[in-house]
Amino acid sequence: MQPEPLPDSLFDAPPLAEQERMVEAILFAVPEPMNEAAISNRLPMGCDAKAALEVLRGRYQGRGVQLVKVGEAWAFRTAPDLGFLLSRETVETRKLSRAAIETLAIIAYHQPVTRAEIEEIRGVSVSRGTVDQLIELDWVKLGRRKMTPGRPVTLVVTPHFLDHFGLESARDLPGIKELREAGLLDNRPMPGSLDEPVEEGDDEDQDEMFDWKEG
Amino acid sequence: MQPEPLPDSLFDAPPLAEQERMVEAILFAVPEPMNEAAISNRLPMGCDAKAALEVLRGRYQGRGVQLVKVGEAWAFRTAPDLGFLLSRETVETRKLSRAAIETLAIIAYHQPVTRAEIEEIRGVSVSRGTVDQLIELDWVKLGRRKMTPGRPVTLVVTPHFLDHFGLESARDLPGIKELREAGLLDNRPMPGSLDEPVEEGDDEDQDEMFDWKEG
Amino acid sequence: MPDDIFDISDLDLPETGNEPLLVDVDGYEGPLDLLLTLSRNQKVDLRKISILALAEQYLAFVDAAKQLRIELAADYLVMAAWLAFLKSRLLLPVDADDDGPSGEELAAHLAFQLERLEAMRRSAARLMARDQLGRDFFVRGQGEAEERRRMVTYTASLLDLLQAYARIKTREDFEPLHLQRSAIYTMEQALERLRGLIGHAVDWNDLEVFLPEGWLVDPGKRRSALASTFAATLELVKLGQVQIRQAEIFAPILLRRVDAA
């Protein structure tokens, strides 16, 4: 491009320390890891990108940011042990799904209870995800296996569950009768159905369940 | 919350050198300047962000990448003398009109300043497009209303303005001290006009703005 | 006017003094800009400028424009009127009764305005000459997008829990027919199940252990399953395949397969 010979000084490479600064700035600013040839292209003529990179890598050794080689290219990366500082946890609270809360209620009232029993009570199958979710929330845990054929695992509520719902024990959960008295049970009877006897039965059921639970 | 004394180790901050690494990693990862409080939030309990920042700033002194203070926030930026290596990274910005540049300077040096004051200084009306353009660049934003009749809105420069022009604060604007001493930043009323009492208030307001901005 | 000029020394200024003025208002950003340009022609420190001379120059400019039938914007004319007033104040002897500002005060203010405008222009030029982000210095190119882990946690109140249970129970109330129809566990079913399981009963096992899944919770179903399973057990005892025992009344009924003895 330039036919005239340029003064020598233009070809004098800057000192290695300056080359190191240059490589540092380049690798900091470029949007992608850059290989040695590309770095060389950016540097003034006569620079030794390889040597500068090595010095620079040494300088960042043990720092919070490190100069790493990604394939043939170089890039600054956060030191692996500090990655935790860069993840920002945003905690979002959502209401438990209907399936999950019903499953939880059944476990609380009927513990220890197997999945099959939960399904029997809910009348629909219980997805694995639902139980996993309750376990993850530390509201439910696996209890002892039932001494029935197949030895199915049981589910029980955790101390954390009691803590969260402000209960001393699962026995403190109100019975059906109390729920009805508290207006939590839909009181509309089915046309022609005998409401009262059914209710008695339910209450008995509950007592029985607790006995069974402890047997 | 927790009455029992926790083991000391939980509150033992990491050594300062480690805190420095952490701050380094955090500031390398984020492109926007981050203020001390936000950095502190990321660090483990008991860390001294301020001290770590100062050590870190010293470490990067003279390097190809530098730790700079932008308003109350900190960021890594390449050293300005190496910009020539990074011409390919240059962000093309729309050329600003002379009117826009002058308006920007007036806002920066006189902030908080009303549109009427800008017009008085420039001797022409300020077109809406000019201010819009500066706001769009995120160099200027609306400040508090002035406590003068009509309560006009004021314009102030943004942290991004400081970042863009490599200023630690608006006090570091070139020549601002001399201009102030020469009385050229005074809002001197036209003799015979009835503005006089308001002027005092304006000056106070201005100081207050600076304090507030940096507080 | 080119956009990139912010040093006013770059401007093509009309020449000084008595030379004919180049009447072209397009080059000026308002009357103050015109005045500043004219004042620079005095080639002295703005603080030492002759405001009177400046006012005369400006008025000459406006007159020239009028003769050329160039329409001047209103603010140029307002400035011209003000400068004519200033000129008269500066030239006429001070009227003792006049409590308005003196010509000197007004002239000083105009000088201040000009000086301030020029100072701002110089400052603007210095500001734009600074190193700029994205031109002279740069941000990290590879933002390590901070990992935003969105932790979702779920919550429920005791009321939710109770309502859920109540809902289930209510559902049962509303399905009496369905429950009744399936509430009978036949002895045939029990026998078949027991035959399959008894082989594993090497040791004594509680009868309840053999109750089928799905028949344990609902009291009616449970009763039915228990009765049928017990009856099936007796059938197997009769066939000599099962031993059965009970320690006392209401004690658990235990059973095991016969050949395990």
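First the proteins, then the strands, lettered A, B, ... as listed; each starts at 1. We use all heavy atoms of the structure for the numbers below, so side chains are in, but hydrogens, waters and symmetry mates are not.
- Of the listed residues (A:Val23, A:Leu43, A:Ile26), the greatest number of heavy-atom pairs within a distance under 4.5 Å of chain B belongs to A:Ile26.
- With sequence neighbours left out, A:Tyr60 forms a ring-ring contact (aromatic ring centres under 6.0 Å, His included) with A:Phe76.
- You'll find the side chain of B:Phe28 stays beyond 4.5 Å of the side chain of A:Gln66, heavy atoms only.
- Proximity to chain A is absent for every atom of B:Asn41, based on heavy atoms less than 4.5 angstrom apart.
- Interface summary for chain B: among A:Gly64, A:Ala17, A:Ala29, A:Gly62, the most heavy-atom pairs under 4.5 angstrom belong to A:Gly64.
- No donor-acceptor pair closer than 3.5 Å links the side chain of A:Arg42 to the backbone N or O of B:Leu86.
- The environment of A:Glu136 atom CD is sparse: at most 12 non-hydrogen atoms of other residues, nucleotides or ligands sit within 6.0 angstrom.
- Nearest heavy atom pair, residue A:Ala25 against residue B:Thr78, reads O-CG2, 3.6 Å.
- Looking at B:Arg77, the atoms closer than 4.5 Å to chain A (heavy atoms on both sides) all sit in the backbone: N, CA, C or O.
- Listed for the A:Arg63 side chain is no donor-acceptor partner under 3.5 Å among the backbone atoms of B:Arg21.
- At a 4.5 Å heavy-atom cutoff, the contact between A:Leu82 and chain B is made by side-chain atoms alone.
- Surrounding CD of A:Glu72 are at most 12 heavy atoms belonging to other residues, nucleotides or ligands under 6.0 Å away.
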Give every donor-acceptor pair under 3.5 Å between a side-chain atom in residues 30-38 of chain A and any protein atom, sequence neighbours left out.
unit_1: A:Asn35; atom_1: OD1; unit_2: A:Ala37; atom_2: N; d: 3.2
unit_1: A:Asn35; atom_1: OD1; unit_2: A:Ala38; atom_2: N; d: 2.9

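- In this structure, B:Leu85 and A:Pro44 approach most closely via the heavy-atom pair CD2-CD, 4.1 Å.
- Contact of B:Leu27 with chain A is not made at all, since no heavy-atom distance falls under 4.5 Å.
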